[in-house]
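Written below as structure tokens is the structure these notes are about.
The shown structure was predicted, so the numbers you read here are calculated from the model rather than taken from an experiment.
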Amino acid sequence: MTMGRACVAILEPDPLYRGVFERIFFSSGHEVRYLDAGVLPPEILPSDGVLLMDMAQGECTAFDLLGAIRIQHPMLPVVLFCDEDIGAWLDDLANYERVNVLARPFTREELLFFIDKLLHPDHAFGLVHYLKSDALVRVFALRSTAEVRGLIDTTLALASEWGFDFDYDFKIDLVLHELFLNAIYHAHGYESEKKQGVPVSLPEKETVQIEVGHDENRFGVTITDFCGNLTRSRILESLRTLEQQKSVERLLAEGRSISDIFRQHGRGIDIVRKNSGEYYFVIERGRRTQVVIIFDKHFEKDDQNASIKVIEVGDARSAEGA
């Protein structure tokens, strides 16, 4: 991981978390600037840096401040920190580009690697950019649904061979199964085949690239399709659908009939968010989409509060017609 010196502006009213940030950024090489929401003129923000904000800002929220900030800094990457389920804020999140959510707790490495990608988009693709300099990475090609089970077994065997004996292999298996199938079915337009459980093989010149690698304490997998059909708005829409289904599931408990297809919509994204130690959706619109998942040897995610980390490379706004 290579990190150049850049300005990290922090809006954090809680002195406890300010102390956490001080420890995280000590010796990181970044210039750190603490801001006060009560006296925040947008023009003092770094135009070429990144802004970190706690969701709770005294009597208001981060979204109450973002409108004024975006007038002066429409492209400034923003990371919101949240101690609770982000579901209630999905509509607000959809109104702002280049805004992501990092759920607490998180590790120092997770935050620094994420900031690196926001400041250096050329680091966004490729597993090597999510691991430290001593990383080992192997590359595989996935071309059919029949190969998925074998490649998952190979991935888990490599993790064990490299000394990553997780006691939650079932979570990794679940995430990889969903991601590998989605990269074949959804990215390449085989949605109906997936619903029907029909095996498919990609055309001869098409493939999904799988990277598997590790450093001293991080084990990672990337899944890359070369279609680039996924968008930030589609991710958020899927998550909004899942939020709506919370009330739907209550109706199901009462014995009402709801389409099973509707109930399953967006589950893949939710599985990744809630069962991966770290994850990123990296999008180069119309060219490629990469999902990065990282599992830390010493840190296991043990709650249901989930981050939203979408990195868009290139002019994603114009590509989506925004």
Side-chain angles (χ1 to χ4, degrees), residues 1 8 10-12 14 17 20-21 24 50-56 61-63 66 77-119 123-124 127 129-131 168 171-172 174-176 178-179 182 218-223 230-243 266-283 289-296 298-312:
M1 173 176 57
V8 178
I10 301 176
L11 262 172
E12 174 53 73
D14 190 325
Y17 285 124
V20 169
F21 285 128
I24 287 177
V50 62
L51 173 62
L52 311 183
M53 305 176 67
D54 195 298
M55 182 68 77
T61 72
F63 290 109
L66 273 174
V78 176
V79 179
L80 304 180
F81 295 93
C82 191
D83 297 297
E84 57 191 35
D85 186 0
I86 193 63
W89 304 102
L90 289 174
D91 288 337
D92 297 280
L93 196 61
N95 292 328
Y96 295 97
E97 297 292 331
R98 298 173 66 83
V99 176
N100 288 281
V101 178
L102 189 56
R104 294 186 174 109
F106 54 85
T107 67
R108 177 181 185 273
E109 289 176 341
E110 179 179 7
L111 178 58
L112 292 179
F113 271 103
F114 189 28
I115 288 176
D116 175 59
K117 306 306 171 290
L118 297 175
L119 294 174
H123 297 175
L127 183 56
H129 292 129
Y130 296 82
L131 301 173
Y168 52 95
K171 288 186 180 181
I172 302 177
L174 177 66
V175 170
L176 294 181
E178 192 69 23
L179 290 176
N182 283 351
R218 292 159 66 82
F219 172 75
V221 181
T222 68
I223 302 93
L230 190 63
T231 66
R232 182 177 184 271
S233 60
R234 285 181 61 188
I235 291 172
L236 293 177
E237 181 57 37
S238 292
L239 296 177
R240 282 199 295 266
T241 299
L242 289 172
E243 285 300 308
R267 292 292 182 188
I269 290 173
D270 207 43
I271 287 172
V272 175
R273 292 174 63 232
K274 292 183 176 178
N275 292 282
S276 299
E278 261 176 71
Y279 83 95
Y280 307 81
F281 291 99
V282 188
I283 300 168
T289 300
Q290 183 173 93
V291 184
V292 184
I293 56 173
I294 303 290
F295 295 90
D296 192 291
H298 309 297
F299 178 80
E300 178 183 357
K301 179 173 174 56
D302 59 0
D303 59 62
Q304 288 297 296
N305 294 337
S307 301
I308 299 176
K309 291 184 285 187
V310 183
I311 303 170
E312 296 172 294

Atom [atom1] of [X] and atom [atom2] of [Y]: how far apart are they, to the nearest 0.5 Å?
| X | Y | atom1 | atom2 | value |
| --- | --- | --- | --- | --- |
| Q290 | T222 | CD | OG1 | 4.5 Å |
| F219 | L127 | CZ | CG | 9.0 Å |
| L118 | L51 | CG | CG | 11.5 Å |
| D116 | L111 | CG | CG | 11.0 Å |
| L66 | L93 | CG | CG | 9.0 Å |

Below 4.5 Å, heavy atoms only, C-beta onward: do [X] and [Y] meet side chain to side chain?
| X | Y | value |
| --- | --- | --- |
| L90 | E237 | no |
| F21 | L52 | yes |
| I294 | F113 | no |
| L119 | V50 | yes |
| I172 | F295 | yes |
| N100 | L80 | no |
| V310 | I283 | yes |
| V79 | V101 | no |

Electrostatic pair E312-R98, nearest N-O below 4.0 angstrom: no
Are K309 and E110 ion-paired here, with the side-chain N under 4.0 Å from a carboxylate O? yes
Stepwise side chain to side chain contact (heavy atoms under 4.5 Å, CB included) test for V221 and L176: CA-CA 9 Å; V221 181; L176 294 181; 3.9 Å; yes
Between F281 and L230, does a side chain to side chain contact (heavy atoms under 4.5 Å, CB included) hold up when you go through it step by step? CA-CA 9 Å; F281 291 99; L230 190 63; 3.8 Å; yes
Is the backbone N or O of [Y] less than 3.5 Å from a side-chain atom of [X], with the two atoms forming a donor-acceptor pair by type?
| X | Y | value |
| --- | --- | --- |
| S307 | A103 | yes |
| Y280 | Y130 | no |
| R218 | D296 | no |

Nearest heavy-atom neighbours spanning Y17 and D54: CD1-OD2, 4.4 Å
Aromatic rings F81 and F106: how do their planes relate, parallel, tilted or perpendicular, breaks at 30° and 60°? tilted
Name the orientation class of the two ring planes belonging to H123 and H129 (parallel below 30°, tilted from 30 to 60°, perpendicular beyond 60°). parallel
As a quick check of understanding, evaluate salt bridge (charged side-chain N to carboxylate O under 4.0 Å, His left out) for E178 and K171, giving each step before the final call. CA-CA 11 Å; E178 192 69 23; K171 288 186 180 181; over 6 Å; no
Could you go step by step and tell me if V99 and R232 meet the side chain to side chain contact (heavy atoms under 4.5 Å, CB included) rule? CA-CA 10 Å; V99 176; R232 182 177 184 271; 4.1 Å; yes
Run the side chain to side chain contact (heavy atoms under 4.5 Å, CB included) test on V78 and M53 for me, step by step, so that the C-alpha distance in whole Å, both residues' side-chain angles and the decisive distance to 0.1 Å come before the verdict. CA-CA 7 Å; V78 176; M53 305 176 67; 4.0 Å; yes
